[in-house]
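Right, one structure below, let's go through it.
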Amino acid sequence: MKAQSIPVNEHKYVFISSKDIKLLATQTASEQKILWRNRRAILFTFILPVAFLVFLGASNRGVHLKIIGNMNFDTFFVPGILAFSLVSTTYSNLALSIAVQRDQGILKRIKGTPLPPWMFFAGKVGATLLNSLLMVVIVLAVGRFAYGVQIRVSTLPALIVDLLVGAACWSILGIAMSTVVNRAEGGSPIVTLPYIVLSFISGVFYPAQAEPAWLQDLARAFPLEPLARSLEAAFDPFVAAPAFRGTDLLIMLAWTAVGTVLSLRFFRWERKSS
Amino acid sequence: MHAIKDEVVTPVCRASDGIGYNDSVHAIEIKELFKSYGDLKAVNGLDLTVRTGEVFCFLGPNGAGKTTTVEILEGYRKRDSGTVSVLGYDPENGGRAFRERIGIMLQESGIQTQLSVREALDLYRSYYSHPRSTMELIEMVELNGSVDVRVEALSGGQRRRLDLALALAGDPELVFLDEPTTGFDPAARRNAWHTIDGLRSLGKTIFLTTHYMDEAQALADRVAVISDGQIVALDTPDRIGGRNTTTSTIRFLLPSSISVNDLPTLSNMEHLDADMSAEGESVTIHTSRPDLALYVLTSWSVGKNIELSGLTVSRPTLEDIYLELTEENN
């Protein structure tokens with residue numbers, strides 16, 4: 001009977017309390033708000049991939065790609081743009097926003113509050129995943145209704161797993177990359193260049209099969225090519241369901257591990273003193 | 001049976017109730033603190049105690065170890081050796097419970113510029129278990145007219161006031177204020193002082209770092225001066241560095257008809273330790289007993305019906321003492 005009079009302690013052994021969940025929601029919502037009020041972030045995160053989707057798609061209507069078994073261009077490039085979008089909403093957005101907030105001393109301020117560090121990252125990644133989900137919906141909707149790309153129910157589990165693994169991999173790589181950037185203004189090219197270069201060699205906008213073998217191998221060592229190929233498999237009507245590509249997923253998971261190690265080792269809450 | 005049940009149900013208090021808290025009268029205790037960066041000994045065996053409920057002012061030139069010490073107290077830096085207790089916690093591993101009870105206003109740290117004043121306050125309030133209300137915070141720093149203004153549109157002074165409000169969001173017992181009024185206009189500074197005074201009357205402990213001596217004079221219960229990584233003086237603003245016992249300065253102008261030699265001789269009078277110098281009409285006297293010296297002087301001048309115009313008596317300012325203390329050590 002007495003236990004009922006002390007309800008306060010009942011939640012204390014729960015790993016995440018309801019209060020923490022509320023805090024996490026607040027944190028995510030505020031990160032979302034900050035992103036949507038930042039024009040540059042919207043340009044890079046949303047406008048750029050959608051522009052590629054529209055213009056690249058419009059200029060290749062009815063094209064079949066002989067180099068990859070006469071595949072319809074739309075079937076090839078919609079998953080490519082999906083991969084590209086996922087990288088820009090996760091990696092690019094996280095790396096730049098964390099670098100800017102570190103440079104401005106916002107991270108140091110947050111470190112001085114009771115907000116647990118994991119919750120800070122969870123809020124950022126949460127907001128990022130919401131953006132990714134939005135982009136995935138946009139790209140799939142345009143792909144389906146403007147370009148008539150089939151979204152196969154039988155490969156949907158693979159598609160979802162590919163997207164989740166890709167998002168996890170590129171989110172943690174974004175956090176890792178933010179540690180390299182010292183000053184926010186100089187950060188943009190350092191962050192953007194690697195994934196733009198990878199986009200061009202990884203068969204995202206056009207097939208990589210015409211590239212020399214060494215370049216294909218190089219692309220394959222990084223996690224964009226595996227992401228694009230595994231997404232492509234989910235869309236390709238000639239690939240049998242469930243269209244899971246184990247090696248591609250493993251490459252992405254390996255990079256997730258690398259990103260985690262680098263982030264844990266090098267993450268800083270304060271900018272380097274000059 | 002009941003007793004056992006109680007033990008099972010209430011093993012410990014909530015984290016925010018402060019495990020490790022002891023009700024000592026000292027908010028901060030530092031003993032034998034050392035911190036080096038390479039060969040540079042930033043903090044070199046520093047001892048310091050800050051009492052609960054006082055406004056403690058920490059003065060020192062740049063590079064004296066001030067920031068390093070404060071950042072060790074705030075939990076941003078790890079010390080090399082020594083013991084540090086802040087509200088009973090070791091700041092290095094006080095964690096969430098420790099951070100619930102302190103507030104930090106850093107010298108330069110940004111606020112998410114895309115948020116409005118209200119949104120920023122609400123965001124940081126959400127990090128604490130028992131925050132102050134948003135309106136109360138806004139009123140404390142007088143940002144009533146800018147509640148819905150984005151941080152990016154605030155003036156430097158307004159942003160700094162929001163900074164102060166954010167430091168107070170969790171209703172902390174101990175507040176670190178690092179040069180809180182830099183960039184304020186005089187009226188805003190007075191208001192900030194008023195806010196800090198108000199915190200003192202609520203029993204909060206304030207650890208204040210500043211370069212403004214008038215601020216230290218106006219606010220501090222005690223002042224510490226750090227130089228070369230050690231405390232070189234610690235006392236009330238009026239007594240620090242022997243300020244209350246050092247010589248005073250008397251200044252006045254003599255009418256041109258009167259020569260300095262006509263003045264009563266103070267130099268050989270007992271207790272006065274007087275030392276007089278004149279430059280044209282202007283006379284300066286240094287003495288440890290300004291009351292006696294004035295008595296002699298004014299008795300003489302009133303008797304002769306001479307006006308000592310522009311008469312002032314001054315003690316060294318806190319700034320004079322501070323400069324003396326920090327120069328000695330450099």
Side-chain angles (χ1 to χ4, degrees), chain A residues 1-13 17 19-42 97 100-120 123-124 127 184 268-271 273-274, chain B residues 1-6 8-17 37 67 71 74-77 91 94-116 119-120 122-131 150-152 163 166-167 169-170 172 176 178:
Chain A
M1 283 302 105
K2 251 198 145 184
Q4 282 185 333
S5 63
I6 321 159
V8 180
N9 292 312
E10 279 176 14
H11 300 290
K12 64 181 295 305
Y13 290 125
S17 70
K19 233 174 121 189
D20 280 352
I21 291 172
K22 202 178 151 214
L23 185 51
L24 192 56
T26 312
Q27 190 64 19
T28 307
S30 123
E31 289 291 345
Q32 275 280 326
K33 201 180 287 174
I34 290 165
L35 177 87
W36 286 105
R37 289 179 185 174
N38 182 349
R39 281 190 209 134
R40 210 201 317 184
I42 291 174
S97 86
V100 167
Q101 292 197 340
R102 181 188 297 111
D103 193 41
Q104 293 177 345
I106 292 170
L107 296 193
K108 186 175 182 183
R109 178 192 295 282
I110 290 171
K111 181 87 189 312
T113 73
L115 183 75
W118 71 265
M119 190 106 62
F120 165 77
K124 275 218 177 290
R268 300 184 314 270
W269 294 87
E270 294 169 45
R271 73 179 184 198
S273 46
S274 41
Chain B
M1 276 308 286
H2 274 136
I4 292 166
K5 217 171 184 181
D6 274 355
V8 173
V9 179
T10 47
V12 268
C13 52
R14 285 177 301 149
S16 58
D17 283 343
Y37 300 109
T67 305
E71 293 200 331
E74 293 166 338
Y76 285 119
R77 300 259 168 282
R96 209 169 169 177
F98 168 59
R99 304 225 162 267
E100 283 277 357
R101 297 172 52 187
I102 64 166
I104 301 172
M105 181 178 178
L106 291 163
Q107 212 179 106
E108 45 174 282
S109 73
I111 306 164
Q112 289 87 335
T113 51
Q114 294 87 356
L115 298 179
S116 72
E119 288 166 342
D122 282 340
L123 177 63
Y124 284 90
R125 282 177 67 247
S126 75
Y127 300 162
Y128 298 89
S129 325
H130 306 288
R150 298 258 179 100
V151 172
E152 59 200 342
D163 246 343
L166 291 175
F176 292 95
D178 198 356

How many angstroms lie between [atom1] in [X] and [atom2] in [Y], if you round to the nearest 0.5 Å?
X: A:Ile110; Y: B:Leu123; atom1: CD1; atom2: CG; value: 7.0 Å
X: A:Thr113; Y: B:Glu100; atom1: OG1; atom2: CD; value: 9.0 Å
X: B:Leu106; Y: A:Arg109; atom1: CG; atom2: CZ; value: 7.0 Å
X: B:Ser129; Y: A:Lys19; atom1: OG; atom2: NZ; value: 4.0 Å

Ionic contact status for [Y] with [X], cut-off 4.0 Å:
X: A:Lys33; Y: B:Asp122; answer: no
X: B:Glu152; Y: A:Arg37; answer: no
X: B:Arg77; Y: A:Glu270; answer: yes

* Listed partners of A:Asn38 passing side chain to side chain donor-acceptor pair (under 3.5 Å), at least two apart -> none
* How would you list, by chain and number, every residue that makes a side chain to side chain donor-acceptor pair (under 3.5 Å) with A:Ser97, sequence neighbours excluded? -> A:Lys124
* Just by distance, do the side chain of B:Tyr76 and the backbone of A:Lys108 share a donor-acceptor pair under 3.5 Å? -> yes
* Asked: Is it true that a side-chain atom of B:Arg99 and a backbone atom of A:Pro116 form a donor plus acceptor pair closer than 3.5 Å?
  -> no
* Structure fact -> Given B:Ile102, B:Leu115, B:Ile104, the one with more heavy-atom pairs under 4.5 angstrom with chain A than any other is B:Leu115
* Asked: Which atom names give the shortest non-hydrogen contact between B:Tyr127 and A:Gln27, and what distance separates them?
  -> OH-OE1, 2.9 Å
* Asked: If you look at every heavy atom in A:Thr26 and B:Ser126, which pair is closest and at what distance?
  -> CG2-OG, 3.8 Å
* **Part of A:Leu23 within contact of chain B (heavy atom distance under 4.5 Å)** => side chain
* Structure fact -> Residue from A:Ser30, A:Pro114, A:Gly105 scoring the most non-hydrogen pairs under 4.5 Å with chain B is A:Pro114
* Report yes if some heavy atom in the side chain of A:Gln101 is under 4.5 Å from a heavy atom in the side chain of B:Gln112; otherwise report no. => yes
